[in-house]
2 protein chains.
Amino acid sequence: MQSVAVAAGVSPMTVSNSFRYPQRVHEETRERVLQIAAELGYVPNHAAGNLASGQSRVIGAVIPSIKNSSFYNYVRGMQEHVADNGYQLILKLADSLEQEAAAIRTLIGLRVAGIALVGDEHEDSARTLLKKTGVPVVEAWVHRNPFDMAVGYSTIDATRAIVELLIVQGYTRIGFVGYEGDVSHRFTERLPAFIQCVEQAGLSSHRIFLIDQAHGFGAGPKALEGLCSIDPELDAIICPTDIVAAGVLFECGRRGWKVPERLAVAGWGDYEIASEITPGITSVHPHAYEMGQNAMSLIIERANGNTRQQVTVDTGFHIVERAST
Amino acid sequence: MQSVAVAAGVSPMTVSNSFRYPQRVHEETRERVLQIAAELGYVPNHAAGNLASGQSRVIGAVIPSIKNSSFYNYVRGMQEHVADNGYQLILKLADSLEQEAAAIRTLIGLRVAGIALVGDEHEDSARTLLKKTGVPVVEAWVHRNPFDMAVGYSTIDATRAIVELLIVQGYTRIGFVGYEGDVSHRFTERLPAFIQCVEQAGLSSHRIFLIDQAHGFGAGPKALEGLCSIDPELDAIICPTDIVAAGVLFECGRRGWKVPERLAVAGWGDYEIASEITPGITSVHPHAYEMGQNAMSLIIERANGNTRQQVTVDTGFHIVERAST
DNA sequence: AATTCAATTTGTAGCGCTACAATATTCTGC
DNA sequence: GCAGAATATTGTAGCGCTACAAATTGAATT
């Protein structure tokens, strides 16, 4: 900074202001400073700025995986929103709760302005740390009982919507594919909603099969086999993601089963494959882009001192009906 | 840090050493310090540490997109390697060269220990900045003419391998799908290799169709249509990614074409879908995990002062033969 | 008991920047 | 031409940490 200041014939403070508070500096001066900075390859040291001001223009987001495209639009929403507001987004990947806790520790070490997490299940140590440091936290993809702030949609309502659609379309032997073990509420909430909804319609809710979350397409054949051993005349299947649904479709192809005549297949997430595969997969579209935008918006508002009363944003969802049901 | 020091009855310097140089501190003392730090929710301020030491244990990686799973194993390789060496990885997403340049500026502002990029095409301003700051840079997925260091494999050799496989299998009317416009060398290198290789075999190289990189599965039908209008009797097709190949497979399904009898389909990247779809897609497996590992390894070595002579690592590839060819 | 040496701990200075208050400069209106 | 306001610029101190050198401690040796 010093050398830029000398080269531009101003004080270091003016260089600092040119970057951080452009309107405080006379336009002509600012342009000269920025040009010389560019020539000298000077980029303000964020670490020093952060230390001096106690503020940060970097927001961290932890996402569970990039294995599937589910988070593409979520990240895009975050990215575009922060860019519009002069912030920067950095990402950390975490496949497990331990990794999430480590990622949170890194982000806190970096003294980011806020942290966006996915889901509402976190390690106790991470919760404690977040609480103690008081950093703004948004949980995305969930919409109740926020730890701090939350943005999401009701997976219960969405489950109900998809079950009701299948019932209206005349399916009666509906199977449900869930994830086994410790997985996020955004998955575990669906099963009770399914059971309640099919029983309300006077149908049986015993067609349930749980698979390992780690599997992608491969889960499809496994799930189909599992459900068929419960009821060989299964006529519809609700999958936890479009990837699993596509796996089921592939397996139907191998078996020579017509979709949806022999079996209706519903997915979740409205991934790109849902619209491109034949038949297209009926799916829950979760407004991921808006979720990303709102997550950043909540953090930026909090960082600017606006403590909002309403700390949960419901971005809703909609059902995309396609040929698979 | 001060309050941890007081609570533990040691000097701030001992707290610092407990975190940064554990072996310098007596085990008993260290454990007490770390335990009190945990109780107090103290996480060392990376900004201050970075400022004081001029060193950073954070490495930044810029990846083009998480839309497809192509970079999953690459990121996993990076992640696991840095964790083993006491470093941290942060990710930035960039869909365009401008976004990449912005991401690089952010990472430089953060004074990261090194930067991993994908491909060898970058904005001039970004190149200049990287050169001037001297931060260690690895370009991944390319393996020649590194800007600083590089880790990748030869897309030319891989193209040759896949073309030769098709020729050996008896296909003669081979079509090639490429990307139009300004895309990375890791794509543009393939077309000349394709042309050279088919001509060497005495075949015609006029079956070429370029598509927009932005399209995913949807590119498949477009490409197939385009190539069929060049040669309706096309008997094999080489796609730029497995996603496009899957799109072609979907389209073949709609047309009632048998794969590989009517048309052989080759993909690239060995994404999960390649092994799960029926028929499985013959694909180029790029050893992405090893690429990620090596990228981090090069940066960490450089950060530790070991200037290696060999700045390019070839992680190779292999062809996975499946039923689609 | 004195000396040596290694292991452990501790002050001090300063990293590059920004908050804040103070100062310098330019612009109004009369 | 001048007071007063508005705009633009500048010192100073300090953010939280670590490099480095110096100091302390304890055990082993003479």
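The structure displayed is predicted, hence computed values, not measured ones. Letters A, B, ... mirror the listed sequences (proteins, then strands); counts begin at 1.
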Practice task
Describe the nucleic acid contact of Tyr21(B) in one word from base, sugar-phosphate, nothing, applying a heavy-atom distance below 4.0 Å.
Solution key: sugar-phosphate

Problem - Sugar-phosphate only, base, or nothing, as touched by Pro12(B) at under 4.0 Å among non-hydrogen atoms - result: nothing

Between [atom2] of [N] and [atom1] of [X], the distance in whole Å:
X: Arg111(A); N: dC17(C); atom1: CZ; atom2: C1'; answer: 17 Å
X: Arg20(B); N: dC17(D); atom1: CZ; atom2: C1'; answer: 10 Å
X: Met1(B); N: dA19(D); atom1: CE; atom2: P; answer: 11 Å
X: Glu31(B); N: dT8(C); atom1: CD; atom2: P; answer: 13 Å
X: Arg24(B); N: dA7(C); atom1: CZ; atom2: P; answer: 13 Å
X: Asn17(B); N: dT12(C); atom1: CG; atom2: P; answer: 17 Å
X: Gln23(A); N: dT9(D); atom1: CD; atom2: P; answer: 13 Å
X: Glu28(B); N: dT9(C); atom1: CD; atom2: C1'; answer: 14 Å

Could you measure the distance from the [atom1] atom of [X] to the [atom2] atom of [Y]? Nearest 0.5 Å is fine.
X: Gln293(B); Y: Asp84(B); atom1: CD; atom2: CG; answer: 8.5 Å
X: Leu117(A); Y: Leu130(A); atom1: CG; atom2: CG; answer: 6.5 Å
X: Leu89(B); Y: Gln79(B); atom1: CG; atom2: CD; answer: 5.5 Å
X: Asp148(A); Y: Arg127(A); atom1: CG; atom2: CZ; answer: 11.5 Å
X: Glu121(B); Y: Arg186(B); atom1: CD; atom2: CZ; answer: 9.5 Å

Practice task
Tell me whether the centres of the aromatic rings in Phe19(A) and Tyr42(A) are closer together than 6.0 Å.
Solution key: yes

Exercise for the section: Name every residue in residues 45-59 of chain B that has at least one heavy atom under 4.0 Å from any atom of DNA chain C, in order of residue number, or write none if there are no such residues. Expected result: Leu51(B), Ala52(B)

Problem - Met13(B), nearest nucleotide to its side chain (from dT12(D), dA8(D), dG11(C)) - result: dG11(C)

Handout entry: Whichever of Tyr42(A) and His26(B) has its nearest DNA chain C nucleotide further upstream toward 5'
Key = His26(B)

Exercise for the section: For Thr315(B) and Pro286(B), work out which heavy atoms get closest and say how close. Expected result: OG1-O, 4.4 Å

Practice task
Please determine if a side-chain N or O atom of Thr14(A) lies less than 4.0 Å away from the OP1 or OP2 oxygen of dT10(D).
Solution key: yes

